Amino acid sequence: MKKVKILAILVSIFLVGCFASTRSSKLRADLDGFRDIQWGTEISTLKDMEKVESDRSSSTDLVWYTRKGDLLAIGKAKLEKIFYSFWMGTFEGVWISFEGDENFETLKKELFERFGKVLESEELMKKMDGEAVWEPSTIRHAEEFYAWWGKNMEMTLSYSKGRHQGTLSINSKKMSEERRAYEKQKRK
């Protein structure tokens, strides 16, 4: 299950990078971090984080954390888990899980109000069809998928009505680009 979560966020980051040209509108807001942690913050400066797991098997140098006392809500939407990802020791994104149709609709409404409405992403889902790499991810099974791209962040929201589960992934655009370049160089 943990490997699936890690793969889901990696797929989210990849999708955002690959399909950024399909965005439909300008963001109303552009995050420079999540809650009060700015992108690029060193993990050593944060005292309320608890290490969850590392994923060294895929050479991504990601370490996951939860935050003590974290509010498991965005607006009125209730969240199941929030994982903070640190790449090479610096904050690069969050992966958030939630359950239930009502929470999805509440979260989607909140995101549309904060960041602007985006077109439904049927085109993104069609482009993913037939790609074996997507099979294990939660995005692959999503009936609804939305993406926002800003100057500072890349964000995806996906939901599977059949499973009644969804994810929200928010990442630093700059760090995602750096990580993709680093991993590409590393593969050479």
Side-chain angles (χ1 to χ4, degrees), residues 4-6 8-41 46 48-49 52 64-86 91-125 128 137-176:
V4 171
K5 290 178 186 176
I6 291 168
I9 195 162
L10 293 174
V11 167
S12 295
I13 292 167
F14 180 76
L15 283 175
V16 169
C18 288
F19 303 116
S21 64
T22 63
R23 68 179 158 198
S24 62
S25 62
K26 188 174 181 177
L27 289 178
R28 289 188 192 134
D30 192 6
L31 301 176
D32 63 355
F34 183 74
R35 300 209 165 143
D36 62 343
I37 306 174
Q38 288 190 325
W39 305 132
T41 298
L46 303 172
D48 57 350
M49 306 302 279
V52 176
W64 297 87
Y65 293 83
T66 57
R67 195 173 193 185
K68 295 176 192 172
D70 215 352
L71 175 65
L72 293 177
I74 294 178
K76 294 182 181 181
K78 295 176 186 165
L79 310 174
E80 292 295 311
K81 296 177 184 168
I82 301 174
F83 292 103
Y84 296 76
S85 63
F86 287 77
F91 181 50
E92 61 103 31
V94 293
W95 185 86
I96 300 166
S97 65
F98 60 92
E99 294 182 356
D101 295 349
E102 186 176 328
N103 274 325
F104 169 65
E105 292 301 328
T106 303
L107 183 57
K108 181 171 76 169
K109 181 180 177 188
E110 180 77 25
L111 294 174
F112 283 2
E113 286 174 6
R114 285 188 193 183
F115 301 102
K117 187 172 180 178
V118 295
L119 294 177
E120 290 191 41
S121 53
E122 288 179 28
E123 291 165 11
L124 290 177
M125 298 303 283
M128 286 171 39
S137 80
T138 56
I139 294 170
R140 174 72 173 157
H141 301 286
E143 288 88 15
E144 290 194 50
F145 182 81
Y146 303 92
W148 293 262
W149 293 273
K151 182 179 169 186
N152 299 314
M153 65 139 193
E154 304 169 330
M155 181 168 60
T156 59
L157 173 66
S158 63
Y159 187 68
S160 169
K161 290 185 179 193
R163 295 176 179 203
H164 304 286
Q165 295 177 333
T167 60
L168 173 64
S169 174
I170 310 168
N171 299 288
S172 162
K173 184 176 182 178
K174 179 183 176 191
M175 293 195 65
S176 292

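Computed from a predicted model, the values in this text were never measured in an experiment.
Here CZ of Phe86 is found 11.0 Å from CH2 of Trp64. Values are rounded to the nearest 0.5 Å. Rounding to the nearest 0.5 Å gives a distance of 9.0 Å between CD of Glu154 and OG1 of Thr156. If you take CD on Glu144 and OG on Ser158, they are separated by 10.5 Å, rounding to the nearest 0.5 Å. Atom CD1 of Ile170 is separated from atom CD1 of Ile96 by 4.5 Å, given to the nearest 0.5 angstrom.
Between the side chain of Ser85 and the main chain of Glu92, no donor-acceptor pair closer than 3.5 Å is present. Using a distance-only test at 3.5 Å, with no hydrogens or angles considered, a donor-acceptor pair links the side chain of Arg35 to the main chain of Leu71. Of the possible donor and acceptor atoms, one in the side chain of Trp39 sits under 3.5 Å from a partner among the backbone N and O of Leu31. At least one donor-acceptor pair closer than 3.5 Å links the side chain of Asn103 to the backbone N or O of Lys78.
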Give the intermediate values and the outcome of salt bridge (charged side-chain N to carboxylate O under 4.0 Å, His left out) for residues Glu110 and Lys76. CA-CA 8 Å; Glu110 180 77 25; Lys76 294 182 181 181; over 6 Å; no
Tell me, with the steps shown, if Met153 and Lys173 meet side-chain contact (heavy atoms from CB on, under 4.5 Å). CA-CA 5 Å; Met153 65 139 193; Lys173 184 176 182 178; 5.8 Å; no
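Closest of all the heavy-atom pairs between Phe91 and Gln38 is CD2-O, 3.4 Å. Here the closest heavy-atom approach between residue Phe98 and residue Leu107 is recorded as CE2-CD2, 3.6 Å. When every heavy atom of Asn171 is checked against every heavy atom of Gly93, the shortest pair comes out as OD1-CA, 3.6 Å.
Between Lys68 and Asp48 there is no salt bridge, since no side-chain nitrogen of the basic residue lies less than 4.0 Å from a carboxylate oxygen of the acidic one.
Surrounding CD of Glu102 are at most 12 heavy atoms belonging to other residues, nucleotides or ligands under 6.0 Å away.
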